[in-house]
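Just below is one structure, and these are the notes that go with it.
Order of appearance sets the numbers: ligands from 1, and atoms from 1 within every ligand. Owing to the predicted nature of the structure, the values given are computational and were not obtained by experimental measurement.
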Amino acid sequence: MKVAVYPGSFDPITFGHLDIAERAAKLFDKLVIAVMVNPHKNPLFTEEERKELIREAVSHIPNVEVDSFPGLLVKYAESIGAHAIVKGLRAVSDFESELSMASINSKMYAGADTIFIPTNFKYSYISSSLVKEIARHGGNIEEFVPSHVEKALQIKYR
Ligand code: PNS
C-alpha cells in the first residue's frame with residue numbers, strides 16, 4: 001500500500017490545502033494529513049482544533065486520515081511507513097525553501113521522497129496567515145476557506 005504524508009501547520013486549513021489533499025489522495029492508496037506540533041510556535045488553533053477542522057474539510061475523501069506529529073517530519077514519515085512527503089507549491093518563492101527541506105529530509109531518511117504538487121492557480125495567493133489577517137479585521141473569507149473554518153475563525157476573533 002502506497003502511503004503519503006501531507007505535513008503542515010494547517011492553522012487553519014484553506015481551500016488551497018484542500019485542493020492539494022484532494023489531488024494527492026488520488027495518487028496514493030492512503031494520504032495522512034499531519035499537523036505539525038511545534039511548542040515554539042504560537043498557533044491560533046490548538047492541535048485538536050486544527051485536526052478537527054481538517055477532518056470536517058476532508059470528510060468526502062475516503063482514503064485520507066488526519067494525525068499530528070511533534071519533532072522531525074522524517075521520523076514521523078518513517079513511523080507510519082510513508083513512501084512520499086507531499087508539498088504544495090504556490091509560487092517560485094516557495095520552491096527555494098522547499099527544495100532545501102526536501103534535500104535535508106532525503107538525507108535524513110531516504111525512504112520517503114518529496115513530491116511537489118503545484119497549487120491550482122485559483123488558490124495560489126491563499127495562505128493561512130493572510131486568511132487570519134483578513135478574518136481578524138472582519139473581512140470576507142468565504143472564497144478562501146470552507147464555511148466551518150470561516151465560522152471557527154469568526155469565533156476566535158469575536
Ligand atoms: O504549513 P507549513 O508551516 O509551511 O509547514 C511546514 C512543515 C510543518 C511542513 C515543516 O516545518 C516541517 O516539516 N516541520 C517539521 C520539523 C522538521 O522535520 N524539520 C526539518 C525539515 S528541514
Side-chain angles (χ1 to χ4, degrees), residues 2-25 27-28 30-58 61 64-136 141 143-146 148-150 152-153 156:
K2 289 286 178 198
V3 179
V5 56
Y6 176 26
S9 303
F10 302 107
D11 187 38
I13 187 166
T14 66
F15 280 138
H17 295 130
L18 190 53
D19 171 60
I20 297 293
E22 282 167 351
R23 289 156 61 205
L27 303 174
F28 296 93
K30 184 165 93 177
L31 179 73
V32 180
I33 303 184
V35 172
M36 177 193 54
V37 181
N38 182 346
H40 303 295
K41 272 198 172 182
N42 191 17
L44 177 65
F45 291 98
T46 66
E47 173 188 350
E48 278 314 312
E49 285 170 336
R50 285 181 280 162
K51 287 202 284 188
E52 204 39 54
L53 292 173
I54 297 169
R55 276 196 197 102
E56 197 166 336
V58 301
I61 321 175
V64 169
E65 282 177 17
V66 182
D67 197 5
S68 52
F69 69 100
L72 286 179
L73 169 63
V74 287
K75 284 195 178 169
Y76 175 73
E78 190 173 6
S79 74
I80 62 163
H83 301 92
I85 295 167
V86 168
K87 293 294 193 85
L89 283 184
R90 284 169 302 190
V92 177
S93 51
D94 283 344
F95 185 71
E96 214 171 316
S97 59
E98 288 297 345
L99 187 62
S100 312
M101 267 194 267
S103 306
I104 286 180
N105 283 340
S106 72
K107 184 123 182 80
M108 290 191 287
Y109 176 59
D113 219 340
T114 298
I115 309 291
F116 293 126
I117 298 186
T119 301
N120 186 315
F121 71 92
K122 280 195 294 190
Y123 306 125
S124 60
Y125 55 88
I126 300 178
S127 69
S128 298
S129 311
L130 284 181
V131 168
K132 282 183 283 191
E133 179 80 5
I134 297 167
R136 193 155 59 88
I141 51 167
E143 271 182 70
F144 313 135
V145 293
H148 68 282
V149 176
E150 188 185 352
L153 279 163
K156 284 278 178 196

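Among protein heavy atoms, the minimum distance from atom 2 (P) of ligand 1 is reached at Ser9 OG, 3.5 Å. In this structure, atom 12 (C) of ligand 1 lies nearest to the protein heavy atom Met36 SD, 4.3 Å. Nearest protein neighbour of atom 10 (C) of ligand 1, counting heavy atoms only, is Met101 SD, 4.1 Å.
Every N/O-N/O distance between Lys87 and ligand 1 stays at or above 3.5 Å. The shortest N/O to N/O separation between Leu73 and ligand 1 falls below 3.5 Å.
We find the CG-OG1 distance between Asp94 and Thr119 to be 7.0 Å, quoted to the nearest 0.5 Å. The structure places CD1 of Ile141 at 12.5 Å from CZ of Arg136, a figure rounded to the nearest 0.5 Å.
Contact annotation: Ser100 has no heavy atom less than 4.0 Å from any atom of ligand 1. The shortest heavy-atom distance from Lys41 to ligand 1 is under 4.0 Å.
For atom 8 (C) of ligand 1, a protein heavy-atom neighbour is present inside the 4.0 Å cut-off. Less than 4.0 angstrom separates atom 18 (O) of ligand 1 from at least one non-hydrogen atom of the protein.
Contacts between Asn105 and ligand 1, counted as non-hydrogen atom pairs separated by less than 4.0 Å, involve the side chain only.
For ligand 1, the atoms sitting less than 4.0 Å from at least one non-hydrogen atom of Gly8 are 1 (O), 5 (O), 8 (C), numbered in the order shown with element in parentheses.
When every heavy atom of His148 is checked against every heavy atom of Leu53, the shortest pair comes out as NE2-O, 2.9 Å. Phe116 and Leu99 make their closest contact through CZ-N, 4.3 Å (heavy atoms, listed as atom of the first residue, atom of the second, distance).
None of Thr114, Ile115, Ile117, Ile20 except one satisfies the side-chain contact (heavy atoms from CB on, under 4.5 Å) rule with Lys87; the exception is Thr114.
Remark: the Lys51 side chain and the Ser68 side chain contain an N/O donor-acceptor pair separated by less than 3.5 Å.
Remark: the backbone N or O of Ala84 is not paired with any side-chain donor or acceptor of Asp113 at under 3.5 angstrom.
Using a 30° and 60° split on the angle between ring planes, Tyr125 and Phe144 fall in the perpendicular class, above 60°.
Nearest to atom 15 (C) of ligand 1 by heavy-atom distance, out of Pro7, Gly71, Ser97, Ser127, is Gly71.
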